[in-house]
Amino acid sequence: MRDRKYYCVYLMGSLTGTLYIGVSGNLHRRVFQHKFHHFEGFTSRYDIVRLLYFESYEDVHKALAREKQLKGWSRSKKIALIVRRNPHWLDVAAEWYPWMKIDASPVVG
């Protein structure tokens, strides 16, 4: 019997408040890629490294529909979704990579 496949819709953020919404069939790998800026683009440019929220789906089409829905929401509605489950905006993936330490303090100077 094959293991079930799950697809995650996720919201990530930067320390300055920039938000990113994505979908992945392997959330741990995808968050790792964001944290280490494996690809040039929006998340790398805006230093989006904190996983703030995610939802799991067994059906990829439902996950993609949810991603599209969330991307259509206003910023305030996205923030309300995050705050309901993660009121302190903690990186829910902070303990996923114990050997990795990201300095979360703001740059001064």
Using a 4.5 Å cut-off on heavy atoms from C-beta on, say whether the side chain of His37 contacts that of Val49.
-> yes
Are any non-hydrogen side-chain atoms of Ile82 and Arg84 less than 4.5 angstrom apart?
-> no
If you measure only the distance, is there a donor-acceptor pair under 3.5 Å linking the side chains of Tyr7 and His61?
-> no
Does the side chain to side chain contact (heavy atoms under 4.5 Å, CB included) test come out yes or no for Leu15 and Tyr46, once each step is laid out?
-> CA-CA 9 Å; Leu15 290 174; Tyr46 292 97; over 6 Å; no
Please walk me through it: do Tyr53 and Val9 pass side chain to side chain contact (heavy atoms under 4.5 Å, CB included)?
-> CA-CA 8 Å; Tyr53 176 89; Val9 178; over 6 Å; no
Looking at every non-hydrogen atom in both residues, tell me the closest pair between [X] and [Y] and how far apart they are.
{"X": "Val23", "Y": "Tyr10", "value": "N-CE2, 3.4 Å"}
{"X": "Phe42", "Y": "Leu19", "value": "CE2-O, 3.7 Å"}
{"X": "Asp91", "Y": "Leu51", "value": "OD1-N, 3.1 Å"}
{"X": "Tyr57", "Y": "Lys62", "value": "CD2-CB, 3.9 Å"}
{"X": "Leu27", "Y": "Ser24", "value": "N-OG, 3.8 Å"}
{"X": "Asn86", "Y": "Leu52", "value": "ND2-O, 3.0 Å"}

Between Asp59 and Arg66, is there a salt bridge with N-O shorter than 4.0 Å?
-> no
Run the salt-bridge test on Lys5 and Glu58 with the 4.0 Å N-O cut-off and return the result as yes or no.
-> no
Residues pairing under salt bridge (Lys or Arg N to Asp or Glu O under 4.0 Å) where one sits in residues 68-81, two or more places apart or in two chains, turn out to be Glu67-Lys71
Given Leu70 and Leu11, is the side chain to side chain contact (heavy atoms under 4.5 Å, CB included) satisfied, shown in steps?
-> CA-CA 9 Å; Leu70 294 178; Leu11 282 92; 4.0 Å; yes
What residues form a salt bridge (charged side-chain N to carboxylate O under 4.0 Å, His left out) with Arg30, not counting sequence neighbours?
-> none
Do Arg50 side-chain atoms and Ser14 backbone N/O form a donor-acceptor pair below 3.5 Å?
-> yes
Is the His38 ring parallel, tilted or perpendicular to the Phe32 ring (thresholds 30°, 60°)?
-> perpendicular
